[in-house]
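We count ligands from 1, going down the list as the structure has it; atoms in each ligand are counted the same way.
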Amino acid sequence: MFPFHRPRRIRKNEVIRRMVRETSLSPDDFIYPLFATFGKNIRKEIKSMPGCFQESVDRIVKHAKEVHSLGIPSVLLFGIPEHKDEVGSSAYDPHGVVQKAIKEIKNKVPGLYVITDVCMCEYTSHGHCGIIEKGDVKNDPTLELLAREAVSHAKAGADMVAPSDMMDGRVEAIRIALDEEGFSETPIMSYAAKYASAFYGPFREAAESTPRFGDRRSYQMDPANRREALKEVSLDIEEGADIVMVKPAMTYLDIISDVKDAFDVPVAAYNVSGEYSLIKAGAKLGWIDEKRAMMEVLTSIKRAGADLILTYFAKDAAKVLNK
Ligand code: PBG
């Protein structure tokens, strides 16, 4: 009677595999990042992120319609401003590029849920995520600017704000400012456990946000730390985060799993630019099956515990799932 155990019995064909499958993906799981830039009729492909674009507001609205029609419920907006300065003033300009994009998208595609990335790095001349003093990012003065930025997004009509800067206390500062301005119902998704990762490289080309000096290791987390992620997440929840995010995703599945086990709020994971570009590049070289690799990666992020996945693959994956 050997072997008595035959796990292969329930792998025999696609029907039984479907019946016992533990994890399934849906377009509902996805949030698709979009990059808004100034100008008109602009749609510039990001070299290191094939299939992703910097788009002027008129074009981003069209793109948003396409995203919505694929059944993807939400987009995450980034801005590439015309003007950068030391204090990132375009970030909280009521006529800034993100503010305009929010208004237009909510106007033309009202059913699409618009989340905005709240950070300074795309708007500062030095490319860091806050105010610089003596060569480092100053925490407390940055909070005020982030709060202003979040309020200006809410005023433009954003459904949710997502601070990605990793300053201490920013969720609380943003929560208080939103409440004071009458946006007590606007949720915050915090980039709670955000690591100082090499996998953000292509994004920095996309958002033109590479730091001019140094790196982000004095504010983003050390990739070697696991328990510290729980501390970051618990602080953000205490400060009022409604959804917490782990970022990147593929190399931090243990963190996603830990956070899911330890807390009772929805967990998001950011399948970042480098993770996307690697698969695109591998596929272009003919070294990897792009569609299968994409679905495997997204499934593994969900399996680890993510309720929501921010991914540049959202449209491609939705097309596979909608078939
Ligand atoms: C802004 C921000 C970054 C990403 C999202 N928001 C870049 C960074 O922290 O340098 C990365 C997204 C990606 O790589 O896809 N702070």
Taking NZ, NE, NH1 and NH2 as the nitrogens, is one of them in Glu14 or Arg21 under 4.0 Å from a carboxylate oxygen of the other?
yes
Inspect the contact between Arg175 and Glu172 and indicate whether a charged nitrogen and a carboxylate oxygen are less than 4.0 angstrom apart.
no
Applying a strict 4.0 Å limit to heavy atoms, is Tyr276 in contact with ligand 1?
no
Is Lys247 close enough to touch ligand 1? Criterion: a residue heavy atom under 4.0 Å from a ligand atom.
yes
Using heavy atoms and a 4.0 Å limit, tell me yes or no: is Lys194 in contact with ligand 1?
yes
Going by atom types only, do Lys315 and His63 share a side-chain donor-acceptor pair under 3.5 Å?
yes
Is Tyr312 touching ligand 1 with its side chain, its backbone, both, or neither, if touching means heavy atoms under 4.0 Å apart?
side chain
NZ or CZ of Lys247 within 45° of Tyr200 ring axis and under 6.0 Å
yes
Counting only heavy atoms closer than 4.0 Å, does ligand 1 sit against the backbone of Asp117, its side chain, both, or neither?
side chain
Are Lys100 and Glu104 ion-paired here, with the side-chain N under 4.0 Å from a carboxylate O?
no
Could you tell me which atoms of ligand 1, counted from 1 in the order shown, lie closer than 4.0 angstrom to a heavy atom of Cys121?
1 (C), 16 (N)
Centre of Tyr312's six-membered ring, under 6.0 Å away, within 45 degrees of the axis: is that where NZ or CZ of Lys280 sits?
no
Using a 4.0 Å heavy-atom cut-off, which part of Cys119 comes near ligand 1: side chain, backbone, both, or neither?
side chain
Glu122, any N or O under 3.5 Å of ligand 1 N or O
no
Mind checking whether Ser273 contacts ligand 1 via backbone (N, CA, C, O), side chain (CB onward), both or neither, at a 4.0 Å heavy-atom cut-off?
both
